[in-house]
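Reading through the structure tokens given below for one structure.
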Amino acid sequence: MSHSSLCTSGRNLLLAALLFLLGAANPRSVEAAGVTIITHGFELDADYPTWVTALADAIPDYMQARFPALDNTCSTYKLTIAAPNGDFSYSPPTRTDGSPPSATASGEIIIELDWSALSGDLEDTYASTYNVASFVSQILMATNSFPELNGHPAIEFPIHLLGHSRGGSLMAQISYVLGTNGIWTDHLTTLDPYPLNNDGNDDFPVPVVDAPAQYTYATVLFADNFWQDLGAGVYFGDPDGEPVAGAYVRQLEDLSGGYWNQSETEGADHSNVHLWYFGTIDLDTPASDTAASITSVERASWWVSSEEEGTNAGFEYSLIAGGNRMSTNRPVGPGFPAIVDGYNKRWNFGAGDSANRTALPSNRGTWPNLIQFDVTSSNTVMAGNLIDTSLYYQYAGKSNVTLSIYFDTDHNPYNTNSTLILQEQVPATGASAINVYSNLALTTTNVPPGVYAIYGKISDGAHTRYIYAPESVEIFSGPPVLGLAEVNGAQLVLGVSGSPGQSVVLQSSSDLRNWLPLATNTLTSAGWTYTNSQPHNFGQQFYRALLLP
């Protein structure tokens, strides 16, 4: 509070300029602007499983329930793969839900990967996940695969790969193929992975050999793995999954109910693993993936106490949910895996150093990557001050590479509502190193007040990748200054000095308790004056300016 006084005709006139920031606390941003790719495992007779669609549809619903003040529209596509006589092909991806990527505020892209025409083929060796992964990776890297992306490849945003059973093998191999091209995977989730004739599995007389699922490769930032060994065995239609080295490993010990409650129970334990994960996205009770349901019974028995019936497990550690992947919490208890076990420690991103990643045989470095981006200072700053951030990147190519940082009013870099803050050339790192800007200071000068997401963009001219910091920032102007001048014995001129865009209401009071509005205005320049007639027969009068949100 600031005070000034003057005498008018022997009467004291006190001016009280009381300035309030009336906005709510700065919200944590929903970390979208990613691409989530979901797939299934073995499917008999090329029947596409409806649980994949249910899981994909649950993600925007999760975002809306958790962040109701935001526009959480996503772009959901179905990508269908076939290989008649070994000749791989795909249908143009169909958008099954949401809006085109250029029209969403979240920027999130969800892809249902349907390879059911191949996943049940146990006779033709071309149906191996080695081959499917190679083909799918080429689709994801191409600029013309998804017409609604207007020339952008589907994997410019941070990637979450999520696969069940043979699909776990497929997703692990996709991360491998992308990695050999220099593309980092932000998150790899394997659900009861089961590669045919690999990782110790003997599926004789099946000739198909799948890619391994037991490794986490050097270009995966975070990996988690959920598996069970409760099944009767692959020859009884209920295979056991496996743990994955380098991941946060969560073995599921109790999977009663769920698919066991259906009329067809073959593979119930195996299927209950993807239902378990679904229950960490759809938090309703009951929650149905269209084929089976989670009731209060499953909520009570499937998750340990620290997982809070599924609300603090599984999908919680996706970028969308924003859980702490560096947490040392051991959900099952002492001696069991910790969440941070799944974080890449090949390089020190803040989780420490250890050999918890499998090296790639090559990294051509075709793509530059932004790997981790964080706001490290207060995320509420006055305009003109700096925001401190840290940023990790890798680029093993030979072209010039440009780093750009933007303030954005949503989480979609493909629309036109962002403001360029920084742009500079950065050096290549090679495939065996990571560069970090541990104190990358961003200016807020000439940025209008408001709440912003911050994203980075790195490009070598041919390939581009983006990443949003998980923290939003609020930029506010300095408080306006209220001044007063007496024109004559009957009039006062109130002057407000502030910043364009600030909305101010002027009020008056004779007792500092009861305030009456005089005028409201949004500043279009640095100053605003208001002329007010003095009240009759007053001893003192107070004035204040309130800064509106």
Side-chain angles (χ1 to χ4, degrees), residues 35-56 76-94 96 110-142 145-146 154-155 159 161-178 180 185 188-199 201-214 234-235 237-239 241-242 266-267 270-271 273-274 291:
V35 54
T36 302
I37 307 175
I38 309 163
T39 200
H40 55 84
F42 174 86
E43 292 299 327
L44 191 63
D45 300 325
D47 290 333
Y48 182 67
T50 56
W51 69 261
V52 176
T53 299
L55 196 151
T76 302
Y77 294 90
K78 186 176 181 183
L79 173 62
T80 302
I81 306 299
N85 301 315
D87 184 13
F88 277 84
S89 63
Y90 72 98
S91 303
T94 303
T96 58
I110 302 169
I111 301 173
E112 299 177 44
L113 175 55
D114 176 7
W115 64 297
S116 58
L118 288 160
S119 68
D121 184 347
L122 304 182
E123 296 181 0
D124 296 308
T125 56
Y126 59 75
S128 163
T129 58
Y130 281 112
N131 297 325
V132 179
S134 178
F135 184 67
V136 171
S137 297
Q138 296 305 314
I139 295 170
L140 297 175
M141 290 186 288
S145 300
F146 289 73
I155 40 77
I159 305 164
L161 301 174
L162 196 160
H164 175 252
S165 191
R166 289 190 71 196
S169 160
L170 175 56
M171 290 307 194
Q173 186 64 13
I174 288 175
S175 77
Y176 173 95
V177 176
L178 294 179
T180 61
T185 295
L188 172 63
T189 299
T190 51
L191 305 175
D192 221 30
Y194 188 91
L196 292 173
N197 287 310
N198 210 331
D199 293 352
N201 296 325
D202 182 358
D203 298 295
F204 180 83
V206 172
V208 176
V209 178
D210 281 338
Q214 63 181 331
V234 66
Y235 291 107
D238 197 10
E242 64 181 5
E266 184 177 72
H270 193 48
S271 295
V273 177
H274 66 68

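The first residue in the sequence is number 1, and the count goes up from there. When reading the values below, keep in mind they use all heavy atoms of this one structure, side chains included, and skip hydrogens, waters and symmetry mates.
With sequence neighbours excluded, no residue forms a ring pair (Phe, Tyr, Trp, His ring centres under 6.0 Å) with Tyr194. In this view, Thr96 satisfies the side-chain hydrogen bond (donor to acceptor under 3.5 Å, both in side chains) rule with no residue, not counting sequence neighbours. The side-chain hydrogen bond (donor to acceptor under 3.5 Å, both in side chains) search around His270 returns Ser165, Asp192, not counting sequence neighbours. Looking at residues two or more places apart in sequence or on another chain, you find no side-chain hydrogen bond (donor to acceptor under 3.5 Å, both in side chains) involving Ser145. Scored by the side-chain hydrogen bond (donor to acceptor under 3.5 Å, both in side chains) test, Ser271 finds no partners at all (sequence neighbours excluded).
Between Leu161 and the options Thr189, Ile37, Thr190, a side chain to side chain contact (heavy atoms under 4.5 Å, CB included) holds for only Ile37.
Counting only residues at least two apart or on different chains, no salt bridge (Lys or Arg N to Asp or Glu O under 4.0 Å) pair has a member in residues 122-135. A side-chain hydrogen bond (donor to acceptor under 3.5 Å, both in side chains) check over residues 36-46, counting only residues at least two apart or in different chains, returns the pairs Thr36-Glu108, Thr39-Trp115. The salt bridge (Lys or Arg N to Asp or Glu O under 4.0 Å) analysis of residues 112-121, with sequence neighbours excluded, yields the pairs Lys78-Asp114. Contacts classified as salt bridge (Lys or Arg N to Asp or Glu O under 4.0 Å) and involving residues 162-172 (residues at least two apart or in different chains) are given here: Arg166-Asp210.
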Give the table of side-chain donor-acceptor pairs shorter than 3.5 Å for residues 87-94, with sequence neighbours excluded, one pair per line with atom names and distance.
none

Please tabulate, one pair per line, all N/O donor-acceptor pairs under 3.5 Å involving side-chain atoms of residues 130-139, not counting sequence neighbours.
{"from": "Asn131", "atom 1": "ND2", "to": "Tyr126", "atom 2": "O", "distance (Å)": "3.2"}
{"from": "Ser137", "atom 1": "OG", "to": "Ala133", "atom 2": "O", "distance (Å)": "2.8"}

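Remark: the Thr185 side chain and the Ser175 side chain contain no N/O donor-acceptor pair separated by less than 3.5 Å.
The distance from atom CG of Leu44 to atom CD of Glu266, rounded to the nearest 0.5 Å, is 9.0 Å. Going from atom CD1 of Ile110 over to atom OG1 of Thr53 covers 11.0 Å, rounded to the nearest 0.5 Å. Atoms CD and OG, on Glu242 and Ser169 in that order, are 8.5 Å from each other to the nearest 0.5 Å.
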Should Leu196 and Phe42 be marked as a side chain to side chain contact (heavy atoms under 4.5 Å, CB included) after you check the CA-CA gap, both sets of side-chain angles, and the distance that decides it?
CA-CA 10 Å; Leu196 292 173; Phe42 174 86; over 6 Å; no
Working note: Met171 + Leu162, criterion side chain to side chain contact (heavy atoms under 4.5 Å, CB included); need CA distance, chi angles, decisive distance, verdict.
CA-CA 7 Å; Met171 290 307 194; Leu162 196 160; 5.7 Å; no
Show, in sequence, the C-alpha distance, side-chain angles and deciding distance for Ile111 and Leu140, and conclude whether the side chain to side chain contact (heavy atoms under 4.5 Å, CB included) test is met.
CA-CA 10 Å; Ile111 301 173; Leu140 297 175; 4.3 Å; yes
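In terms of modelled atom types and a separation under 3.5 Å, the side chain of Thr180 and the main chain of Val177 share a donor-acceptor contact. Checking side-chain atoms of Asp202 against main-chain N and O of Phe204 turns up a donor-acceptor pair under 3.5 Å.
Leu113 and Leu170 make their closest contact through CD2-CD2, 3.9 Å (heavy atoms, listed as atom of the first residue, atom of the second, distance). The minimum heavy-atom distance between Ile81 and Ala117, with the atom names listed, is O-CB, 3.9 Å. The shortest non-hydrogen separation linking Val208 to Asn197 is O-ND2, 2.8 Å. In terms of heavy-atom proximity, Thr129 sits nearest to Ala211 at OG1-N, 2.9 Å. When every heavy atom of Asn201 is checked against every heavy atom of Asp203, the shortest pair comes out as CB-OD2, 3.7 Å. For the pair Ala213 and Pro193, the tightest heavy-atom approach, listed with the atom from each and the gap, is CB-CB, 3.7 Å.
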